[in-house]
Amino acid sequence: EAGVAQSPRYKIIEKRQSVAFWCNPISGHATLYWYQQILGQGPKLLIQFQNNGVVDDSQLPKDRFSAERLKGVDSTLKIQPAKLEDSAVYLCASSSLRTAYEQYFGPGTRLTVT
Amino acid sequence: AQSVAQPEDQVNVAEGNPLTVKCTYSVSGNPYLFWYVQYPNRGLQFLLKYITGDNLVKGSYGFEAEFNKSQTSFHLKKPSALVSDSALYFCAVRVPRANNLFFGTGTRLTVIP
């Protein structure tokens, strides 16, 4: 079974630029998560989708971050405009409804904002 | 609100010795607890979980964890450490009424040959 795919793996941008990350979850997984992991910290949930609906986006800075999962499969996370403090690894994870608590993570996208 | 504490940033252990990585939690309602491991340049991997039942939970790669309700702890253990166990370990708790996870800050385990 293929794992969670993410791209790009690395991205360097200047502050105030925009950036987008892509995630393809494990086939058949209804739930998709985006986490932000700042160096030295644990992952923090940004947004959770079930199929193409948002379950939890309470920690998403909505003035600059947006995410979508239009067809209930792939997802994109966008930052516009980026700030220095957005430098982090952005992790995508997915889970099935049957094993909801076992989340499978992708390799992450390391974002550096200069 | 839920919280997870991993009191040790770093744990060093000699190869072949038993290892323990500590985790304490605070959550309303029944705790659902998890351990994940993160290797360099890779995503987190699920190790084990406690939902209900036996307090001793067995997981991947020979790891186990003991749920202690009175001490609100969920320490990760392994009887004999391997050099390949060196990684970053995260404890997590389910957020009540949601199917997502709240993670601790992580503990870096180094197994010394």
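To find a chain, count down the sequence lines: A is the first, B the second, and so on, and within it residues start at 1.
Using a 4.5 Å cut-off between heavy atoms, B:Gln38 touches chain A through its side chain atoms alone.
Other residues, nucleotides and ligands contribute at most 12 non-hydrogen atoms within 6.0 Å of the CD1 atom of A:Ile12. Counted within 6.0 Å of NZ on A:Lys62, heavy atoms from surrounding residues, nucleotides or ligands total more than 12; the atom is thus considered enclosed. Remark: A:Leu39 CG is loosely packed, at most 12 non-hydrogen atoms of other residues, nucleotides or ligands lying under 6.0 Å away. By the 6.0 Å contact criterion, CG on A:Asp63 is enclosed, its count of non-hydrogen atoms from other residues, nucleotides or ligands being greater than 12. No more than 12 heavy-atom neighbours from other residues, nucleotides or ligands sit within 6.0 angstrom of CD on A:Gln80.
Rounded to the nearest 0.5 Å, atoms CG (B:Leu48) and CD (A:Glu102) are 10.0 Å apart. With values rounded to the nearest 0.5 angstrom, A:Gln48 atom CD is found 9.0 Å from B:Leu101 atom CG.
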Mind running side-chain contact (heavy atoms from CB on, under 4.5 Å) on A:Tyr35 and B:Phe103 for me, showing each step along the way?
CA-CA 10 Å; A:Tyr35 289 88; B:Phe103 285 86; 3.7 Å; yes
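Residue B:Phe90 comes nearest to A:Gln37 through the heavy atom pair CZ-NE2, 3.2 Å, listed as atom of the first residue, atom of the second, then distance. The minimum heavy-atom distance linking B:Tyr36 with A:Gln103 is given by the pair OH-N, 3.0 Å.
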